[in-house]
There are 2 protein chains.
Amino acid sequence: MMSKKCKYAIKALICLSENYQQGNMFTADIAKKGNIPKKFLEQILLDLKHAGFVGSHQGYRGGYYLIKAPKEINLAEVYRVFDGAIALVPCVSVNYYEKCEDCTDEVSCAIKREFAKIKEQSRLIMKEINFKTFIE
Amino acid sequence: MMSKKCKYAIKALICLSENYQQGNMFTADIAKKGNIPKKFLEQILLDLKHAGFVGSHQGYRGGYYLIKAPKEINLAEVYRVFDGAIALVPCVSVNYYEKCEDCTDEVSCAIKREFAKIKEQSRLIMKEINFKTFIE
DNA sequence: AATTAACTCTATGTATTTGGTAGAATTAAT
DNA sequence: ATTAATTCTACCAAATACATAGAGTTAATT
């Protein structure tokens, strides 16, 4: 399962995609529209900013806006920011590789072999889904 | 990511698959072979028993053995026992359906629409992988 | 019959993650 | 100067993950 944080992030990005190139949006409005706790959403939008998906204007009448075109943001990269690896085991992750603690021989590991296939399929489908597909 | 419990369960099932129709195995031996904490493995094997994958003999020289043929056990069903839904959002899960708390209109929800595709792909690939594929 | 070595079951414990809140600081248009 | 927004850091409670502990049950062997 995906974390709520990640789901909220996706909802926020959908909101901002619908408003793409039409100025910024208030956190409060995104929160209301997406039914997301405002203070929690603030954190999420900051994360999205640090990750380079959104930009912000501070001060009176400030807010958030999408930097990249909706089509140029895919689900895989957003997922990774909030929930980390797409892979189900760390040893097959490209972006978050870690050796499994219990593993004695990674080369011959059947779990690694099979879960590499799963990861690759998941990665491909999540890469195909972008925020234009969400708002259509 | 998959829980360690689920990974340990898969490792145990691989062990038992390799020993299919050759009598039972001791928890201690599976634990040693899989580098799994024995007491934790005991719980897991019990869960696998309650889920109908393995059988056991009690008492002196007792142990666990696979009930179903390795080919007849797929990854999707094992995953569900330990980590629950394959779906990334509860609203697209068949076996663990729940309405999302923050959802206002499930019918028009773009997240539901897109994540249903992801779930279906994941489900298919995980169903294809069985324990014969693991031991080959 | 006693011993031994296995599974069974329930309770407990600790560390991490998740989901969120609080509040002060900063910024900039009005 | 005021107002209304973002920024940043700290904190907190509940749930989950990852075990460990120990008593009880079972059945082959001696």
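Proteins get letters first, then strands, A, B, ... in listed order; numbering begins at 1 in each. Side chains included, hydrogens not; waters and symmetry mates left out as well; all remaining heavy atoms used.
You can see that DNA chain D meets the heavy atoms of chain A within a 4.0 Å-exclusive cut from D/dT3 to D/dA10, reading 5' to 3'.
Ionic pairing of B/K99 and B/E106 is not present here: no N-O contact between side-chain nitrogen and carboxylate oxygen is shorter than 4.0 angstrom. Salt bridge annotation for A/K11-B/D102: present, with a cationic side-chain nitrogen under 4.0 angstrom from a carboxylate oxygen. Contact check on A/K39 versus A/E42 returns a salt bridge, with a Lys/Arg side-chain nitrogen under 4.0 Å from an Asp/Glu carboxylate oxygen. Under a 4.0 Å N-O distance rule, the pair A/K117/B/E128 does not qualify as a salt bridge.
Shown here is A/Q22, whose CD atom has more than 12 heavy atoms of other residues, nucleotides or ligands within 6.0 Å. Within a 6.0 Å sphere centred on CD of A/E136, heavy atoms belonging to other residues, nucleotides or ligands number more than 12.
Applying the ring pair (Phe, Tyr, Trp, His ring centres under 6.0 Å) definition to pairs two or more places apart or across chains, those involving residues 8-55 of chain A are A/Y8-A/F40.
Taking Ile, Leu, Val, Met, Phe, Trp and Tyr as members and joining any whose side-chain heavy atoms lie under 4.5 Å apart, directly or through other members, the hydrophobic cluster of B/I67 also contains B/Y65.
Rounded to a whole Å, the CE atom of A/M2 is 10 Å from the P atom of C/dG19. In this structure, A/I36 atom CD1 and C/dT21 atom C1' are separated by 16 Å, rounded to whole Å.
Checked against side chain to side chain contact (heavy atoms under 4.5 Å, CB included), B/A110 has the following partners two or more places apart in sequence or in another chain: A/F134, B/R113.
Using a 4.0 Å cut-off on heavy atoms, the residues of residues 5-22 of chain A that approach DNA chain C are A/K5, A/Y8, listed by number.
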Q: Determine, for nucleotides 6-18 of chain C in 5'-to-3' order, which nucleotides have protein heavy atoms under 4.0 Å from the base (write B), from only the sugar-phosphate (write S), or from neither (write -).
A: BSBB-B-------

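Criterion: ILVMFWY side-chain heavy atoms under 4.5 Å apart, direct or through other members. Under it, B/L75 and B/L88 are not part of a common hydrophobic cluster.
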